[in-house]
2 protein chains.
Amino acid sequence: MSKKYEYAFPMPSVTVDLIIFTIIKDQLCFLTIERKHPPFRGHRALPGGFLEVDRGETLDEAAQREAFEETNLKDLFIEQLYTFGDPNRDPRGRVITVAYYCLVPSGVKPVAGDDAKNAEWTPVYGVADMAFDHSKVVQVALDRLKGKIAYTNIAYQLLPKRFTLTELQNVYEIILNETLDKRNFRRHIMSRGLVASTKERRGGAHRPAKLFTFNQKTADSQLACLTSTS
Amino acid sequence: MSKKYEYAFPMPSVTVDLIIFTIIKDQLCFLTIERKHPPFRGHRALPGGFLEVDRGETLDEAAQREAFEETNLKDLFIEQLYTFGDPNRDPRGRVITVAYYCLVPSGVKPVAGDDAKNAEWTPVYGVADMAFDHSKVVQVALDRLKGKIAYTNIAYQLLPKRFTLTELQNVYEIILNETLDKRNFRRHIMSRGLVASTKERRGGAHRPAKLFTFNQKTADSQLACLTSTS
DNA sequence: ACAATAGTGTCTTTTAGACAATATGAG
DNA sequence: CTCATATTGTCTAAAAGACACTATTGT
């Protein structure tokens with residue numbers, strides 16, 4: 001392959017990296033792949049790839065494309081997180097990466113281990129030794145997630161369409177890493193008007209719990225003042 | 001100048017753009033330059049420039065460098081805002097811009113009109129017709145500023161080292177674009193412990209007001225949980 | 001009936017909002 | 001003493017926090 005593109009100045013590469021969060025067995029996890037080649041061979045890394053300039057894709061589209069490649073799911077919740085561009089973050093050259101975080105409901109399986117990748121869900125606590133600056137990227141994503149869950153409705157992205165309030169509370173507790181009072185939590189959620197109760201119930205071993213859905217109408221109006229990437 | 005740098009794929013350019021806010025005559029303003037060449041000749045644009053890959057500068061350093069070029073001030077408050085990369089945002093080619101916002105105290109003069117630039121402070125309300133996607137960038141910056149002023153101490157960046165509480169309230173009112181109750185505002189600010197009163201007073205036409213300073217100690221601890229770009 | 005989870009009510013504390021009179025210093 | 005701005009206090013309303021018992025279903 002010959003080098004066909006010429007520039008008067010050295011150009012940085014632009015990649016999009018993804019922190020795909022999900023909840024597995026009461027743990028907040030994110031998707032990692034194993035690097036099969038240097039640098040950082042054998043270390044775990046965030047999924048990501050080059051922005052495909054020749055396709056004319058936007059950054060958001062690149063993030064959605066990568067997310068689809070890993071999960072086979074379209075139109076996932078993604079949001080730009082931060083752009084990392086320290087000169088030494090990649091030993092091969094100057095690489096600017098625009099990081100996005102993504103939330104998927106429990107139960108999603110990573111796209112099968114394409115030999116080259118070996119994708120796995122990894123618990124967020126106690127990850128070390130990631131490739132590049134990815135440990136830092138994950139930390140920033142986690143901070144953002146913690147910050148945003150308090151005043152947005154993104155938690156719903158981690159649950160199926162119908163869920164119980166106990167399940168919702170679990171999501172909050174897992175992300176915030178603290179226990180919440182059941183009564184206060186329910187009052188808080190209900191007063192927001194973001195959930196609507198259905199007539200269905202989830203039968204477990206004991207008293208069945210009401211199933212709720214995310215109330216799109218009120219959510220949209222509330223999100224209007226929240227989506228400003230703040 | 002020959003094109004010396006070759007790549008196997010088309011590369012995007014990476015620029016850093018700045019929204020430099022200040023307050024002038026009770027108006028929130030930001031720095032614009034006039035474009036002297038196409039595209040968008042004659043339109044106003046945000047100051048910015050290419051990331052200098054050969055110098056090995058970080059994104060933050062590039063932002064500080066640009067800010068210095070425009071204001072002659074070092075170590076200004078800057079924070080990464082968002083990365084814009086739509087394929088058609090610059091008609092000359094694929095340009096990814098990492099936007100930073102920056103806050104400077106009142107009274108700073110833009111670096112003199114270097115012919116090529118003609119820098120000016122422009123009120124944030126009623127800006128239209130900016131070059132590229134810069135109107136959108138400014139809107140995002142303004143939303144972020146409004147969001148952050150409520151729960152961080154960034155407002156102090158817009159004031160001199162010593163300021164009166166009335167001046168501080170003015171900053172809040174100008175940014176939020178609403179009036180605030182004087183007593184409630186003062187209670188709110190004082191309860192945060194972010195300001196320390198000095199023994200000096202500012203003599204105006206009438207009763208002199210106490211001068212306050214930003215209280216770095218408490219600020220640092222409070223900032224610790226706020227600087228996570230959330 | 002019992003085990004296990006779902007669901008609810010009240011008091012207290014804190015924070016935010018509305019509101020107007022007094023204090024001080026320059027001229 | 002007058003003008004202009006600085007400064008302060010209280011009542012009310014809303015939100016957050018602490019806390020424990022009853023309800024429902026499967027087994």
Side-chain angles (χ1 to χ4, degrees), chain A residues 23 25-26 106 146-153 155 159-160 162-213 218 222 225-226, chain B residues 25-26 146-153 155 159-160 162-213 218 222 225-226:
Chain A
I23 288 178
K25 282 189 267 180
D26 288 342
S106 298
K146 279 187 187 179
K148 278 225 156 183
I149 200 178
Y151 64 102
T152 69
N153 52 5
L159 289 170
R162 292 159 199 285
F163 50 86
T164 68
L165 291 183
T166 301
E167 288 166 343
L168 183 60
Q169 183 174 348
N170 274 339
V171 170
Y172 276 77
E173 290 183 340
I174 289 165
I175 291 177
L176 296 174
N177 206 19
E178 64 183 312
T179 62
L180 302 172
D181 180 85
K182 195 199 295 196
R183 291 155 289 191
N184 295 338
F185 177 79
R186 287 160 116 94
R187 177 178 39 162
H188 181 85
I189 292 296
M190 299 310 280
S191 74
R192 287 276 175 293
L194 285 173
V195 294
S197 77
T198 67
K199 281 166 190 165
E200 295 167 82
R201 296 172 163 276
R202 170 160 306 166
H206 298 285
R207 175 175 177 178
K210 266 192 209 155
L211 286 173
F212 289 77
T213 68
T218 42
Q222 295 230 358
C225 53
L226 295 170
Chain B
K25 283 189 266 178
D26 286 342
K146 279 187 187 179
K148 278 226 157 183
I149 200 179
Y151 65 101
T152 69
N153 51 4
L159 290 170
R162 290 159 200 286
F163 51 85
T164 69
L165 291 183
T166 301
E167 288 166 343
L168 183 59
Q169 183 173 352
N170 274 338
V171 171
Y172 275 77
E173 290 182 341
I174 290 165
I175 291 177
L176 296 174
N177 205 20
E178 63 184 312
T179 62
L180 302 171
D181 179 86
K182 195 197 293 196
R183 290 157 286 189
N184 295 339
F185 177 80
R186 288 161 114 94
R187 176 180 40 166
H188 181 87
I189 293 295
M190 299 310 278
S191 73
R192 288 276 175 293
L194 286 173
V195 294
S197 78
T198 69
K199 280 165 191 166
E200 296 166 82
R201 297 169 163 279
R202 169 160 309 166
H206 298 283
R207 175 177 178 178
K210 265 191 208 154
L211 287 174
F212 290 76
T213 66
T218 43
Q222 295 229 358
C225 56
L226 294 170

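Not measured: the values here are computed from a predicted model. Note on naming: letters A, B, ... go to the chains in the order of the sequence lines (proteins, then strands), and numbering restarts at 1 for each one.
- Of the possible donor and acceptor atoms, none in the side chain of Gln169(A) sits under 3.5 Å from a partner among the backbone N and O of Arg186(A).
- With hydrogens and angles ignored, the 3.5 Å screen pairs no side-chain donor or acceptor of Arg162(A) with any backbone N or O of Leu211(A).
- In the set dA16(C), dT10(C), dA6(C), dA6(C) carries the atom at the smallest distance from any side-chain atom of Thr166(A).
- Whole-Å rounding puts the Arg201(A) CZ to dA23(D) P distance at 15 Å.
- One can find a donor-acceptor pair under 3.5 Å joining the base of dA23(C) and the side-chain atoms of Arg207(B).
- Atoms NZ (Lys210(A)) and C1' (dT24(D)) sit 12 Å apart, rounded to a whole Å.
- In this structure, CZ of Arg202(A) is placed 13 Å from C1' of dA6(C), rounded to the nearest angstrom.
- Relative to the side chain of His206(A), the nucleotides dC3(D), dT5(C), dT7(D) differ in distance, and dT5(C) lies closest.
- Atom CE of Met190(B) is separated from atom P of dG9(D) by 12 Å (rounded to the nearest Å).
- Near DNA chain D, meaning a heavy atom under 4.0 Å away, the residues from residues 170-184 of chain B are Lys182(B), Arg183(B).
- As rounded to whole Å, 12 Å separates atom P of dT7(D) from atom CZ of Phe185(B).
- For Phe212(A) and dA6(C), the CZ to P distance is 11 Å, given to the nearest whole Å.
- Scanning all heavy atoms of the two residues, the minimum distance from Asn153(B) to Leu194(B) falls at CB-CD1, 3.9 Å.
- Put simply, the side chain of Arg186(B) and the base of dG9(D) share no donor and acceptor less than 3.5 Å apart.
- Counting to the nearest Å, the C1' atom of dG7(C) and the CD atom of Glu167(A) are 15 Å from each other.
- Of the candidate nucleotides dA16(C), dA16(D), dA23(C), dA16(C) has the atom nearest to the side chain of Arg187(B).
- Closest non-hydrogen pair, Ile23(A) versus Ser106(A), comes out as O-OG, 2.7 Å.
- Atoms OG1 and CG, from Thr164(B) and Asn170(B) in turn, are 7.5 Å apart once rounded to the nearest 0.5 Å.
- Rounded to an integer number of Å, the gap from Phe163(A) CZ to dT5(C) C1' is 18 Å.
- None of Lys210(B), Lys182(B), Met190(B) except one satisfies the side-chain contact (heavy atoms from CB on, under 4.5 Å) rule with Leu165(B); the exception is Met190(B).
- Between Phe212(A) and Val195(A) the shortest heavy-atom distance is CD2-CG2, 4.0 Å.
- If Ala205(A) and His188(A) are placed on DNA chain D by their nearest nucleotide, the residue sitting closer to the 5' end is His188(A).
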